[in-house]
Protein chains: 2
Amino acid sequence: MPERLANIGRKVFFASERSLGQAIPPSDDSVGYVVRDVHRAFSRSLQAKIAAHGVSMGQWFFLRALWDEDGLTQRELSQRVGMMEPTTVTALNSMERRGLVERVRNPHDRRKVNIYLTPKGRSLREVLLPCAAEVSDLATRGIEPADLALAIDLLHRMIINLGDSSDSL
Amino acid sequence: MPERLANIGRKVFFASERSLGQAIPPSDDSVGYVVRDVHRAFSRSLQAKIAAHGVSMGQWFFLRALWDEDGLTQRELSQRVGMMEPTTVTALNSMERRGLVERVRNPHDRRKVNIYLTPKGRSLREVLLPCAAEVSDLATRGIEPADLALAIDLLHRMIINLGDSSDSL
DNA sequence: GGTAAATAATTAGATATCAAACCAATTGAC
DNA sequence: GTCAATTGGTTTGATATCTAATTATTTACC
């Protein structure tokens, strides 16, 4: 088990403070690294829970979008989920294989394929949403809501700063 | 545990506030989703810069650890970088192929393999570290250092919260 | 109406990542 | 000294994700 602990008052590095002769700033102190670790912690945690119901992370994102609205085309789905289209194709392939969704060729525009949840796919909502809620609650346990809100806001700003526009969808 | 929060822009969802009949909380408001998006934004941004020097993200993490100290065994490297050993093996394979590192079987314990940077691998430091600094600076532009420090601390706490996952199932 | 451009989905090929199974060398218990 | 347990590394097979190229269909312009 990693025993790196939160020590308050950690130093934050900026490029202007560094020079190449100096030591590399420890990973723990770099935003990028911490974000990566949190992402992996979330991912592992949710994955462990939903795998029990035969659903993988790749499928999770698409299921979530489809619970909100199904009958979307693959392109629309990709945009909502924030993935590239080939990713969507492979995710939907596995979901179709497991009987969670159905592909229906659009009769008015035969290029399009509309995706519909099967009853099985739809019913997973009741089991899977609570899993996500558990993970979220576990992660934020003991954290002041106001602090959390500030952090989320700040993370949004980083996304914008880094020039990723998938934030505003 | 406080349930509501001061409205700094966005609402933060807790499991206790949700019920299945309600709409799925928008991705933008969920910590997990935002963290995922920030992670991908960082990753894409750094990747774009270092790819110009023929280095991939998978190699980056290991290079960074090796710049700090080389001659480590693969297991030690894995631990420092926070990756599983098979990941380390494949990363080192590609790095060896590109002449960035050298594997040297340890003569005192022939199970171990010590990893050493080649001059080429070592010299990349001067080009690549500034790339990371640029990304970090770009991401945190316009953000108060104190706020950033708070957010980083909070993210560390989430990692810890998600780490000891024994009691919620 | 016929072709060029655009759009939707897919395939192909690459990187990144992990868990589980596996080999090979070393250490420890007797 | 021998054999079982441990340790270090690798292989295998799976998921996740992207870019670039490909196929199929539709729209738009002369």
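Just so we're on the same page: letters track the sequence lines, and every chain starts at 1.
- At a threshold of 4.0 angstrom between heavy atoms, the contacts of A:S56 are confined to the sugar-phosphate backbone, with no base atom among them.
- When each of B:K112, B:R103, B:Q79 is checked for a side chain to side chain donor-acceptor pair (under 3.5 Å) with B:Q74, only B:R103 meets the rule.
- To the nearest angstrom, C1' of C:dA9 lies 13 Å from CD of A:Q79.
- Geometric assessment of A:R80 against the ring of A:F62 yields a negative cation-pi assignment under the 6.0 Å and 45° thresholds.
- Whole-Å rounding puts the B:H39 NE2 to D:dA16 C1' distance at 12 Å.
- Residues satisfying the side chain to side chain donor-acceptor pair (under 3.5 Å) criterion with A:R111, sequence neighbours excluded, are A:D109.
- What you find for A:S45 and A:V135 is that their closest heavy atoms are OG-CG2, 3.8 Å.
- Taking atom CZ of A:R44 as the reference point, atom C1' of C:dT17 lies 10 Å away to the nearest angstrom.
- Side-chain atoms of A:R157 come within 3.5 Å of backbone atoms of B:G142 as a donor-acceptor pair (strictly under, hydrogens ignored).
- Distance CE (B:M57) to C1' (C:dT15): 11 Å, rounded to an integer number of Å.
- Contacts between residues 95-114 of chain B and DNA chain D, counted as heavy-atom distances below 4.0 Å, involve B:R103, B:R111, B:K112, B:V113.
- The residue among A:R40 and A:N93 whose nearest nucleotide of DNA chain C lies closer to the 5′ end is A:N93.
- Contact check, B:T87 against C:dC18: a side-chain N or O comes under 4.0 Å of OP1 or OP2.
- B:D70 meets the side chain to side chain contact (heavy atoms under 4.5 Å, CB included) test with B:L66, B:Y116, B:L117, B:R122; sequence neighbours excluded.
- The side chain of A:M84 has D:dC18 as its nearest neighbour among D:dC18, C:dC18, D:dT17.
- Along DNA chain D, the nucleotide nearest A:F61 and the nucleotide nearest B:E76 are compared for position; the residue whose nucleotide lies closer to the 5' end is B:E76.
- Nearest-nucleotide positions on DNA chain C for A:Q74 and B:M83 put A:Q74 closer to the 5' end.
- What separates CZ of B:F62 from P of C:dT15 is a distance of 15 Å, to the nearest Å.
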May I have the step-by-step check of side chain to side chain donor-acceptor pair (under 3.5 Å) for A:Q59 and A:S94, ending in yes or no? CA-CA 8 Å; A:Q59 302 172 344; A:S94 75; 2.9 Å; yes

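- Residue contacts shown for B:T73 are limited to sugar-phosphate atoms, with no base heavy atom under 4.0 Å away.
- Each of A:Q59 and A:E85 has a nearest nucleotide on DNA chain D; the 5'-most of these lies closest to A:Q59.
- Residue B:I115 contributes atom CD1, which lies 10 Å from atom C1' of D:dG9 at whole-angstrom precision.
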